[in-house]
Amino acid sequence: MIKKVLIGTSLLLMFCFKTSAQDVALKTNALYWATTTPNMGIEAAVGKKHTLQLFYGLNPWKQSDGDQTSLRHWLLMPEYRYWFCQSFNGWFIGAHLMGGQFNMAGINLPFGLLSGLENHRYEGWYAGGGISVGYQWPLSKHWNVEASLGVGYDYIKYDKFRCGECGERIKSGHTNYFGPTKLALSLLYIF
């Protein structure tokens, strides 16, 4: 299902809008790679000061050597951006949606999110959205660097398990999260 959404949205971004120079970019977030999460985004200009972006991250890794630490998850984040100068150059503000699934254990998330994660495993899904601000620096004709920050809301539905892959479920619940939803330092290749 996710593959179909990604392919369909990518085709829409690439073929429904003009695709001349500096209208479509592929990007990756270096900060997200720091969590060992492969990620990729595609962004397309839909006007001189407007772009649409679709970003995807997937962390399928299981730890080895009996380590109970796990940060397995996937994320899909579409975003609309308004640029103050021109698309792919300078300051922008945006609005993003986000959703995904997770299976995490043995880590300490920031902002008190899912407290007790160090000693338990959490599995579930999340959905939400927010606003973002950022800046993009052109490095050359085809390469840019971007920094962005987003804040917003996520509804998180989860099951809590005793430690271990097959631990007993001890709780089901949900939480409402308000705070940072995006932090990116991205490298872009512009077609």
Side-chain angles (χ1 to χ4, degrees), residues 1-61 71-102 109-111 125-154 177 179-191:
M1 174 68 175
I2 298 303
K3 288 181 183 179
K4 290 179 184 178
V5 170
L6 286 172
I7 291 169
T9 306
S10 298
L11 290 173
L12 175 71
L13 288 173
M14 290 177 67
F15 298 113
C16 291
F17 306 108
K18 61 182 183 156
T19 56
S20 60
Q22 298 199 345
D23 284 336
V24 177
L26 289 178
K27 60 174 45 175
T28 190
N29 181 351
L31 298 178
Y32 205 14
W33 277 98
T35 66
T36 67
T37 304
N39 63 86
M40 181 67 65
I42 185 169
E43 186 170 5
V46 293
K48 290 182 180 180
K49 294 187 174 194
H50 308 273
T51 60
L52 293 175
Q53 170 181 281
L54 183 64
F55 183 82
Y56 181 72
L58 172 66
N59 188 324
W61 320 121
L71 186 60
R72 293 187 295 172
H73 69 281
W74 64 265
L75 161 77
L76 184 65
M77 182 183 289
E79 182 174 15
Y80 162 78
R81 292 178 171 182
Y82 173 80
W83 297 79
F84 292 103
C85 183
Q86 65 185 24
S87 297
F88 303 109
N89 187 10
W91 288 101
F92 64 85
I93 57 172
H96 61 270
L97 298 174
M98 61 189 307
Q101 292 179 300
F102 58 89
L109 290 177
F111 312 109
W125 59 270
Y126 57 96
I131 57 173
S132 59
V133 63
Y135 192 89
Q136 219 172 91
W137 294 270
L139 300 176
S140 68
K141 181 178 177 181
H142 293 288
W143 293 98
N144 281 12
V145 171
E146 170 190 303
S148 63
L149 171 68
V151 295
Y153 165 81
D154 275 323
Y177 167 76
T181 53
K182 178 181 182 180
L183 180 61
L185 182 59
S186 300
L187 180 64
L188 291 82
Y189 181 81
I190 302 173
F191 293 93

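From a predicted model like this one, the values you see are computed outputs, not experimental measurements.
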So that I know where these two stand, are F191 and Y189 an aromatic pair - ring centroids less than 6.0 Å apart? yes
Is it true that a side-chain atom of N59 and a backbone atom of T35 form a donor plus acceptor pair closer than 3.5 Å? yes
From NZ (K49) to CG (N89), nearest 0.5 Å: 11.5 Å
Can Q101 and W125 be counted as having a side-chain donor-acceptor contact under 3.5 angstrom? no
Let me confirm one number: the NE2-CD distance from H96 to Q53, rounded to the nearest 0.5 Å. 10.5 Å
Suppose the criterion is salt bridge (Lys or Arg N to Asp or Glu O under 4.0 Å): which pairs have a residue in residues 75-88, not counting sequence neighbours? E43-R81, E79-R81, E79-K182, R81-E146
Starting at OG1 of T181, measure out to CD1 of I131 and round the result to the nearest 0.5 Å. 9.0 Å
Could you report the tightest heavy-atom contact between N144 and Q136, atom names first, then the distance? ND2-OE1, 2.7 Å
Is there a donor in the side chain of S87 and an acceptor in the side chain of H50, or the other way round, less than 3.5 Å apart? no
Here the gap from T37 atom OG1 to L75 atom CG, rounded to the nearest 0.5 Å, amounts to 9.0 Å
In Å, rounded to the nearest 0.5 Å, how long is the span from CG of L26 to OG of S186? 12.0 Å
Closer than 3.5 angstrom, by distance alone: can the side chain of W74 be matched with the main-chain N or O of G57 as a donor-acceptor pair? no
Are side-chain heavy atoms of P38 and W33 found at a separation under 4.5 Å? yes
When you measure from the side chain of N29 to the backbone of L183, do you find a donor-acceptor pair of N or O atoms at a distance under 3.5 Å? yes
Check step by step if side-chain contact (heavy atoms from CB on, under 4.5 Å) holds for L188 and W143. CA-CA 6 Å; L188 291 82; W143 293 98; over 6 Å; no
Would F92 and W83 count as a close aromatic pair, with their ring centres under 6.0 Å? yes
Value for CZ (F102) from CG (L71), rounded to nearest 0.5 Å, stands at 11.0 Å
pair F55-I42: side-chain heavy atoms closer than 4.5 Å: no
Exam field: side chain T28 to backbone N39, donor-acceptor pair closer than 3.5 Å: yes
What are the two closest non-hydrogen atoms of W61 and R72, and how far apart are they? O-CG, 2.9 Å
